[in-house]
Amino acid sequence: MTELLKISLPDGSVREMEPGATPYDVAAAIGPGLAKAALAARVDGEVRDIGRPFDGDAQLALITAKDEEDALELVRHDFAHVLAEAVQALWPGTQITFGPATDDGFYYDVMAPESREPFGLEDLPVIEEKMREIIKADKPLVREVWSRDDLIAKWQAEGETFKAEWAKELPEGEDLTVYWSGEPGSEGAWLDMCRGPHLASTGKLDPQAFKLMRTAGAYWRGDQKNAQLTRIYGTAWLNKKQLKAHLHRLEEAQLRDHRKLGREMDLFHLQEEAHGSVFWHPKGYRIWRELEAYMRRKMDGSGYREIKTPQVMDARQWEQSGHWGKYRENMFVIPDEVPNTEDEGDIVSKDAEWMALKPMNCPAHVLVFKQGITSYRDLPIRLGEMGCCHRNEPHGALHGLMRVRQFTQDDAHIFCTEEQVVEEVQAFITLADSVYRDFGFDYKIKLALRPEQRFGSDADWDKAEQELRDALTANGLEWEELPGEGAFYAPKLEWHLTDAIGRTWQVGTIQSDRVLPDRLDATYIGEDGEKHRPVMLHRAIFGSYERFIGILIEHFAGRLPVWLAPTQAVVAPIVSDVDGYASNVLAKLEAAGIRASSDLRNEKINYKIREHSLAKVPHLLIVGKREEEEGTVAIRTLGEKDQKVLPLDEAIAMLTDAASAPDLKA
RNA sequence: GCUGCUGUAGCUCAGUGGUAGAGCGCACCCUUGGUAAGGGUGAGGCCGAGAGUUCAAUUCUCUCCAGCAGCACCA
């Protein structure tokens with residue numbers, strides 16, 4: 001009599017199954033609906049094929065489309081295999097290599113047969129059609145374990161040199177898993193070497209839920225010494241609706257692109273000679289100044305004191321802070337000597353002393369903290385700085401305002417005692433929340449835990465991570481934990497904003513750091529008269545002005561809230577006879593503190609309305625003879641069809657109210 | 001930094017082995033028009049930088065730079 005397997009389910013129940021049973025059998029035993037919906041299984045925490053028998057007693061969680069993250073990864077990986085199968089079916093002789101899931105889909109690297117050109121855009125529709133055929137054929141995906149040598153022999157026999165090379169590098173004697181698409185060995189069955197897991201059959205994929213997007217060159221194993229392959233990218237989702245939403249999001253994102261809007265709205269520009277650094281135009285810098293004024297009010301009102309620290313410091317200082325060792329590849333270093341101005345010889349001597357532009361403000365803030373002697377009675381000390389930092393970012397990472405090499409943070413460092421950490425973090429969580437609310441953003445909080453490479457003792461890390469959890473719990477918030485994602489000196493809380501089209505952006509952060517105060521020997525005098533180490537909280541809410549403005553532009557599609565709009569109102573006369581009245585209206589608006597201009601050009605009113613609407617001016621004040629006679633203005637608000645005719649005084653009161661910053665509203 | 005693509009007027013783009021074109025914008029003229037483009041005329045370009053092939057290169061080749069998309073990395 002064989003012993004039954006004990007399979008524990010997430011609800012705590014235990015099911016007894018015959019040996020050889022699979023997760024599918026469990027699903028079927030629970031109900032036919034679940035059996036149909038189950039895509040794969042999490043067995044003792046590991047994602048596995050739904051049809052793979054249990055090894056013994058196990059914890060089981062069935063994965064369905066509702067477990068979106070797992071489901072998407074599985075589905076995308078399967079699409080990658082279907083892609084490879086389709087390409088080989090269409091062009092026999094194509095070599096396959098490798099094809100993983102990506103953030104929004106999948107890709108597969110293939111080598112076109114010698115008889116044809118590398119695959120290009122024009123091939124994609126044909127491949128898509130073939131993929132749909134394979135999906136509709138509902139071919140079972142069958143896992144088998146092969147010996148390494150058998151597999152190498154197979155790949156060599158089929159001329160799959162890349163696969164053979166790969167298999168050879170895996171440990172000798174090891175068994176490898178392969179997946180058949182179709183009954184093993186049957187006509188039309190296709191085989192790939194793959195760790196898995198996979199869905200039960202190709203028919204589990206939605207043939208309407210993917211789209212091949214583009215091709216790109218890629219070298220075998222990412223090394224340009226190797227053969228050049230074609231990488232075919234696709235996007236893939238659980239169903240057609242998700243795919244459509246994704247494609248729509250891409251289109252929307254293009255319309256909202258802050259680089260395009262920034263140019264059209266004359267906010268800023270970028271150019272080669274200073275790539276990665278922003279030239280702010282008057283209108284763009286107006287947004288910046290409004291944000292800065294807003295943030296200063298917030299910080300002044302929350303016990304912060306603003307400082308300004310040097311842009312360039314000696315390398316010795318960066319050595320001591322640890323940046324020279326851990327962060328130098330991201331820093332701009334500067335020789336500390338008079339450059340040679342002769343035509344002959346090097347500009348800088350070989351034994352030059354080095355300085356560096358600051359990539360972060362924290363060391364300088366510790367230096368300010370260290371001036372004089374600090375008593376525990378003085379803590380917490382919150383030092384803020386609109387700190388301009390330079391980071392030598394990889395060129396490929398640069399992206400408009402979102403990723404630049406010179407940026408300004410709304411930075412601050414809170415120096416406090418061990419006992420004060422949780423309440424300071426709590427206060428920051430509240431402050432950050434009030435800011436994001438003022439801009440209308442929803443957000444998610446993530447807790448990034450200790451990375452492999454780190455400074456400091458495990459005991460300190462335990463403590464630091466727990467403090468952040470305690471603060472979140474005390475504020476009644478939910479969060480997601482990201483193991484291994486913390487900074488090398490501290491765990492961090494991250495605020496991820498969700499914008500109007502569902503994208504997320506990391507902006508704010510707070511990190512509790514015991515390393516830097518130690519390295520730079522920061523101390524305070526405690527109640528006991530002895531020296532103690534303060535804890536240092538690094539924190540920012542906007543993150544950087546550059547990125548935050550980029551996010552705002554995209555979130556609002558350029559239609560910034562009135563208080564941030566560079567031009568809040570334009571006065572447009574219909575006929576030149578009322579230019580004088582228009583100028584009077586403008587003067588009154590300006591006197592009321594509204595950022596306004598007038599458009600006295602010799603153009604028709606339709607033309608002016610179109611132009612200023614496209615420029616996203618929130619209010620147009622249109623005046624003709626009627627308005628002049630009555631002392632009124634016709635207000636047209638951006639995004640609304642109707643206009644309101646108001647007496648000038650009322651109009652100004654209305655605009656003033658609309659233009660007040662959210663923290664200053666009554 | 002890696003891979004692919006791109007670089008022509010302020011912007012969006014067409015084009016050619018014999019040094020260039022459109023639309024929008026801009027300037028000027030006509031038009032004074034009531035809620036998203038009135039008409040005409042004109043100015044404007046070292047065709048990203050360097051090298052090579054060629055009688056001749058913006059066009060072909062190579063190198064570099066920058067941009068774009070992805071990857072890796074991040075505020």
Side-chain angles (χ1 to χ4, degrees), chain A residues 100 102-105 107 109 118 120-121 213-224 226 228-233 235 250 254 257 259-260 263-264 266 269-276 327 329-330 359-361 387 389 391-411 448 485 487 492 494-495 505-509 538-548 550-551 572-579 600-615 620-627 634-636 638 640-643 645:
Chain A
T102 62
D103 281 352
D104 64 5
Y107 67 80
D109 287 348
L121 276 180
M213 303 297 281
R214 75 183 79 81
T215 60
Y219 292 114
W220 169 235
R221 307 184 138 203
D223 189 333
Q224 48 185 321
N226 293 336
Q228 181 146 29
L229 311 168
T230 306
R231 176 168 297 177
I232 302 174
Y233 281 103
T235 184
L250 291 181
Q254 229 170 18
D257 191 318
R259 294 165 300 185
K260 176 171 166 279
R263 193 165 45 237
E264 287 172 6
D266 192 21
H269 85 270
L270 298 155
Q271 65 181 62
E272 291 194 22
E273 289 75 6
H275 68 288
Y327 206 72
E329 63 175 3
N330 284 301
M360 299 181 191
N361 305 301
C389 296
R391 293 186 190 170
N392 201 343
E393 300 286 354
H395 291 195
L398 300 178
H399 180 90
L401 297 178
M402 302 303 191
R403 193 73 180 276
V404 291
R405 305 214 291 183
Q406 176 193 309
F407 57 94
T408 301
Q409 297 176 311
D410 61 319
D411 203 5
E485 301 274 311
K492 55 182 178 180
E494 301 171 351
W495 275 256
W505 303 94
Q506 200 218 303
V507 287
T509 181
H538 306 242
R539 42 111 295 159
I541 298 177
F542 290 157
S544 88
Y545 282 88
E546 283 80 356
R547 172 182 276 190
F548 198 72
I551 294 168
I574 294 167
V575 291
S576 51
D577 289 352
V578 298
D579 283 359
L600 307 183
R601 290 176 305 171
N602 173 17
E603 295 291 352
K604 289 197 170 174
I605 196 62
N606 282 353
Y607 183 91
K608 294 181 185 179
I609 288 169
R610 176 179 158 81
E611 190 167 287
H612 299 298
S613 298
L614 288 174
L620 298 185
L621 275 57
I622 296 173
V623 294
K625 288 183 177 154
R626 207 153 60 221
E627 285 74 16
I635 301 184
R636 192 186 157 110
L638 187 62
E640 290 174 23
K641 282 259 158 66
D642 297 335
Q643 56 164 346
V645 179

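It should be emphasised that the depicted structure is a prediction, and the values quoted were computed from it without experimental measurement. Here is the naming used below: chain letters follow the sequence lines, and residue numbers restart at 1 for every chain.
- The shortest distance between side-chain heavy atoms of A/V578 and A/E627 does not fall below 4.5 Å.
- Nearest to the side-chain atoms of A/P394 among the listed nucleotides B/G67, B/A36, B/A72 stands B/A72.
- Closest approach of A/P359 and A/C389 over heavy atoms only: O-CB, 3.5 Å.
- Considering A/Q406, A/R405, A/M360 in turn, A/M360 is the only one that fulfils the side chain to side chain contact (heavy atoms under 4.5 Å, CB included) rule with A/R391.
- Summarising the geometry, the separation between CG on A/N392 and P on B/G1 is reported as 9 Å, rounded to the nearest angstrom.
- In a base pair of the Watson-Crick type (N1 to N3 plus N6-O4 or O6-N4) or a G-U wobble (N1-O2 and O6-N3), with each distance short of 3.5 Å, B/C28 is matched with B/G40.
- B/U63 and B/C28: their C1' atoms are spaced 47 Å apart (whole Å).
- Taking a pair to require two hydrogen-bonding distances under 3.5 Å in either a Watson-Crick or a G-U wobble arrangement, B/G1 pairs with B/C71.
- Using a 4.0 Å heavy-atom distance criterion, A/K608 is classed as making no nucleic acid contact.
- Which of B/A36, B/G7, B/G38 sits closest to the side chain of A/E272 comes down to B/G7.
- Nucleotide B/G52: paired with B/C60 (Watson-Crick or G-U wobble, both distances less than 3.5 Å).
- Taking atom CD of A/Q643 as the reference point, atom C1' of B/A36 lies 14 Å away to the nearest angstrom.
- Nearest nucleotide to the A/E627 side chain, out of B/G34, B/C11, B/U35: B/G34.
- Look at the P atom in both B/U61 and B/G7: the space between them is 13 Å, to the nearest Å.
- Note on A/H395: a base of the nucleic acid sits closer than 4.0 angstrom, heavy atoms only.
- Separation of the C1' atoms belonging to B/C24 and B/A43 is 16 Å when rounded to the nearest angstrom.
- Between A/H395 and A/H275, the ring planes lie perpendicular to each other; the angle is over 60°, past the 30° to 60° tilted range.
- Side-chain proximity of A/I605 to the nucleotides B/A72, B/G38, B/U35 is greatest for B/U35.
- Here B/C73 presents its C1' atom at 11 Å from CD of A/E485, a figure rounded to the nearest Å.
- Taking atom CD on A/E603 and atom P on B/U35, their separation rounds to 16 Å, with Å as the unit.
- Atom CE of A/M213 and atom C1' of B/G70 are 11 Å apart (whole Å).
- When heavy atoms are screened at a 4.0 angstrom cut-off, A/A634 is found touching base atoms of the nucleic acid.
- Comparing atom distances between the A/R403 side chain and each of B/G38, B/C74, B/G33 picks out B/C74 as nearest.
- Rounded to an integer number of Å, the gap from A/R626 CZ to B/G33 P is 13 Å.
- Taking the C1' atom of each, B/A75 and B/U19 are spaced 47 Å apart, rounded to whole Å.
- Comparing B/G38, B/C65, B/U32 by their nearest atom to the side chain of A/S576 picks out B/U32.
- Judged by distance alone with a 3.5 Å cut-off, no donor-acceptor contact links the side chain of A/R405 to the base of B/A75.
- When heavy atoms are screened at a 4.0 angstrom cut-off, A/E393 is found touching base atoms of the nucleic acid.
- Applying the 6.0 Å contact sphere to CD of A/E273 captures more than 12 heavy atoms from other residues, nucleotides or ligands.
- Side-chain atoms of A/R391 stay outside donor-acceptor range of the base of B/C74, with no qualifying N/O pair under 3.5 Å.
- Put simply, A/Y233 does not rest on the base of B/G70: the two rings are not both less than 5.5 Å apart at their centres and under 30° in tilt.
- Spacing between atom NE2 of A/H399 and atom P of B/C68 amounts to 7 Å, rounded to whole angstrom units.
- For B/U16, there is no paired nucleotide, since no Watson-Crick or G-U wobble pair has both relevant distances below 3.5 Å.
- Of the inter-residue distances, the one linking A/Y107 atom OH with A/T230 atom OG1 reads 13.5 Å to the nearest 0.5 angstrom.
- The number of heavy-atom neighbours closer than 6.0 Å to CD of A/Q271, taken from other residues, nucleotides and ligands shown, is above 12.
- Comparing B/U59 with B/G48, their C1' atoms sit 15 Å apart, to the nearest whole Å.
- Across B/U35 and B/C47, the matching C1' atoms stand 42 Å from one another, rounded to whole Å.
- Under the Watson-Crick or G-U wobble criterion, with both distances below 3.5 Å, B/A66 is paired with B/U6.
- Residue A/K260 is classed as having no contact, given no heavy-atom separation below 4.0 Å to the nucleic acid.
- Of all nucleotides present, none satisfies the Watson-Crick or G-U wobble test against B/G45 with each distance under 3.5 Å.
- Toward the 5′ end of RNA chain B lies the nearest nucleotide of A/R610, the other residue of the pair A/R610 and A/L250 mapping further downstream.
- Straight-line distance from the CG atom of A/L270 to the P atom of B/G67: 8 Å, rounded to whole Å.
- Using a 4.0 Å heavy-atom criterion, one finds that A/F407 contacts the bases of the nucleic acid, with or without backbone contacts as well.
- Across the interface with RNA chain B, nearest-nucleotide mapping of A/L614 and A/V575 shows A/V575 to be the residue nearer the 5′ end.
- Nucleotides B/G40 and B/C46 have their P atoms positioned 29 Å apart, rounded to a whole Å.
- Side-chain contact between A/I551 and A/R547 is present, with at least one heavy-atom pair separated by less than 4.5 Å.
- Across all strands, A/R259 comes closer than 4.0 Å only to sugar-phosphate atoms, never to a base (heavy-atom distances).
- Spacing of C1' atoms, B/C74 relative to B/G17, comes out at 46 Å, to the nearest Å.
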